[in-house]
J.: 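Quick one: the structure is below, and I'll ask about it shortly.
This is a predicted model, so every value here is computed, not measured. Just so it is clear: chains get the letters A, B, ... in the order the sequence lines come, proteins before strands, and each one is counted from 1.
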2 protein chains.
Amino acid sequence: MERAAVTARTSPESARDIPEATVARLPVYLRALTTLSEQGTGTCSSEELAGAAGVNSAKLRKDLSYLGSYGTRGVGYDVDYLRYQIAREIGVTQDWPVVIVGIGNLGQALANYSGFRSRGFRVVALLDADPARRDEVVAGIEVRPFDDLEGIVREHSVAIGVIATPALSAQDVADRMVACGITSILNFAPFPLNVPDQVDVRKVDLSIELQILAYREQRKTGQGAPA
Amino acid sequence: MERAAVTARTSPESARDIPEATVARLPVYLRALTTLSEQGTGTCSSEELAGAAGVNSAKLRKDLSYLGSYGTRGVGYDVDYLRYQIAREIGVTQDWPVVIVGIGNLGQALANYSGFRSRGFRVVALLDADPARRDEVVAGIEVRPFDDLEGIVREHSVAIGVIATPALSAQDVADRMVACGITSILNFAPFPLNVPDQVDVRKVDLSIELQILAYREQRKTGQGAPA
DNA sequence: CCCGGTTTGTTCTCCCGTTCACAAACTCCT
DNA sequence: AGGAGTTTGTGAACGGGAGAACAAACCGGG
């Protein structure tokens with residue numbers, strides 16, 4: 001990492017172009033480091049950390065090198081120091097307000113998921129278009145009508161929205177979110193969202209994952225595809 | 001696609017080595033085709049289908065070319081015909097029994113998720129290690145003790161297991177699954193599973209997805225990483 | 001101070017996936 | 001029958017990521 005001067009772009013001195021694949025792994029490293037820290041480990045080698053994260057050690061080292069030179073040759077990495085550096089890079093040292101739209105089975109599970117809060121994400125509102133759901137309380141949060149979206153986004157400066165609605169409503173919800181100023185969307189609805197370029201979307205599709213497994217399973221058993 | 005004779009490997013005449021990335025997209029195409037079919041569309045071009053699936057049309061055509069030559073130049077694809085071909089290739093024309101372990105918030109949401117059954121996946125059992133959960137009924141299925149795993153797997157010839165437990169139990173559950181003969185695992189627990197090579201694992205990690213969005217969000221707002 | 005052992009950071013090579021661009025093939029109209 | 005228009009299937013160029021391998025850097029002992 002050359003680290004030459006300061007790139008004078010948006011961020012003061014942090015890395016400029018971390019590969020997509022690396023960004024996707026940083027949270028995994030972060031979690032592994034947290035586990036190690038809780039176990040009282042003060043220092044670890046790239047081999048150990050890679051093992052705990054389930055990746056190749058060379059890949060781990062290359063990933064970390066994009067952030068800077070936070071290790072010591074011959075020694076390894078200081079667990080807490082590296083943990084902080086990654087957390088800072090990802091942005092989980094700050095608090096991210098989040099809204100969840102669609103309080104069905106999945107939406108409720110998400111609202112109750114403790115992994116969000118513990119990683120810096122705070123669910124500020126649960127929204128649902130169904131009037132029957134009004135005034136219901138899920139995970140200690142009152143369910144509010146979808147039309148409240150704009151007010152909530154403005155009030156809490158929400159940048160991240162989660163869509164857990166049926167497929168048919170997903171695009172409408174996304175459009176409204178974008179109109180309100182939300183710029184990152186996590187989509188659980190099985191529908192390919194169409195959004196402006198500046199808006200980031202990540203999708204999680206449960207049945208697709210199973211279908212991928214089914215494909216490989218089919219090939220394993222050698223039964224192939226029926227003619 | 002040459003389609004030369006018969007490859008004489010495991011499967012009778014289907015494609016031999018479909019790229020991983022393509023396999024991951026086939027379910028998306030399948031869903032888009034189903035939607036088109038329900039709308040009464042009989043034929044579609046690669047451009048239309050690509051639009052409905054949210055991908056580039058060139059990529060779509062190349063993906064489909066791995067399966068065979070199912071389109072007609074100058075015309076497009078027959079929706080129902082192509083849909084059947086993809087479904088057969090993925091293996092969703094048959095019925096896949098599935099067990100879900102860990103009936104917390106997420107496990108319950110998964111058990112209730114209608115998208116599984118409608119795509120050829122049948123939840124044959126819900127298991128939980130917590131005795132307090134025994135005899136509870138979720139999604140019309142009785143929750144049974146985790147120790148029943150082996151009997152259930154044997155009885156229903158289960159090949160696919162879903163892990164929705166806390167991180168600490170995930171590896172144990174996976175080990176038991178593998179010992180029972182399960183060869184495909186969908187893991188929702190935030191823990192990198194260690195399994196033998198012949199076992200396929202796909203992981204879905206909710207908080208990692210949000211962290212990836214947070215990273216990009218942080219860069220967008222230009223606030224960068226605090227020094 | 002010097003040397004062996006250890007571990008990081010980085011370079012280099014290979015492979016997979018994406019995209020462009022175009023020839024082949026089909027339809028429809030005259 | 002022939003030609004214009006359309007759309008597929010694929011060859012080729014391109015970019016990015018994975019992994020091996022190695023030089024640079026650090027620690028500790030004598």
J.: Starting from P on dT8(D), measure out to NZ on K59(B) and report it in whole angstrom.
T.: 17 Å
J.: Is there side-chain contact between Q171(A) and L193(A), with heavy atoms separated by less than 4.5 Å?
T.: yes
J.: Does the side chain of Q211(A) come within less than 4.5 Å of Y215(A)'s, by heavy atoms?
T.: no
J.: Roughly how many Å is it from CD1 in I18(B) to C1' in dC16(C), rounded to a whole number?
T.: 16 Å
J.: Which part of the nucleic acid does E20(A) contact within heavy-atom distance under 4.0 Å: base, sugar-phosphate only, or nothing?
T.: sugar-phosphate
J.: Side-chain contact, heavy-atom cut-off 4.5 Å: L36(B) with E48(B)?
T.: no
J.: Rounded off to whole Å, could you give me the CG-to-P distance for the D63(B) and dG9(D) pair?
T.: 12 Å
J.: Between L186(A) and I160(A), is any pair of side-chain heavy atoms under 4.5 Å apart?
T.: no
J.: Hey, could you give me the CG/CZ distance between L110(A) and F121(A), rounded to the nearest 0.5 Å?
T.: 13.0 Å
J.: Is any side-chain heavy atom of F191(B) less than 4.5 Å from a side-chain heavy atom of T165(B)?
T.: no
J.: Roughly, in whole Å, what's the span from CG in L64(A) to C1' in dT7(C)?
T.: 13 Å
J.: Please report the distance, rounded to the nearest Å, between CD in E48(B) and C1' in dT8(D).
T.: 14 Å
J.: Distance check needed: dG9(D) C1' versus Y66(B) OH, whole Å only.
T.: 12 Å
J.: For the side chain of R61(A), starting at C-beta, report the closest nucleotide among dT8(D), dA21(D), dG17(D).
T.: dA21(D)
J.: What is the separation between atom CZ on R25(A) and atom P on dG17(D), rounded to the nearest whole Å?
T.: 9 Å
J.: Counting just side-chain N and O atoms, does S46(A) come under 4.0 Å of either OP1 or OP2 of dT8(C)?
T.: yes
J.: Determine, for nucleotides 23-30 of chain D in 5'-to-3' order, which nucleotides have protein heavy atoms under 4.0 Å from the base (write B), from only the sugar-phosphate (write S), or from neither (write -).
T.: -BBBS---
J.: State which of dG17(D), dC20(C), dT8(D) makes the closest approach to the side chain of A58(B).
T.: dC20(C)
J.: Closer to the 5' end of DNA chain D via nearest nucleotide, is it S45(B) or A21(A)?
T.: S45(B)
J.: Report yes or no: do T183(B) and Q198(B) form a side-chain donor-acceptor pair below 3.5 Å?
T.: no
J.: Between N or O atoms, less than 3.5 Å apart, protein on one side and nucleotides 12-14 of chain D on the other: list the pairs.
T.:
residue : atom : partner : partner atom : Å
dA12(D) : N6   : K62(B)  : NZ           : 3.0

J.: Would you find a donor on one side and an acceptor on the other, under 3.5 Å apart, between the side chain of T34(B) and the backbone of L30(B)?
T.: yes
J.: Specify the separation, in whole Å, of atom OH of Y77(A) and atom C1' of dT7(C).
T.: 9 Å
J.: For E209(A), check salt bridge (Lys or Arg N to Asp or Glu O under 4.0 Å) against everything at least two apart and list the hits.
T.: R202(B)
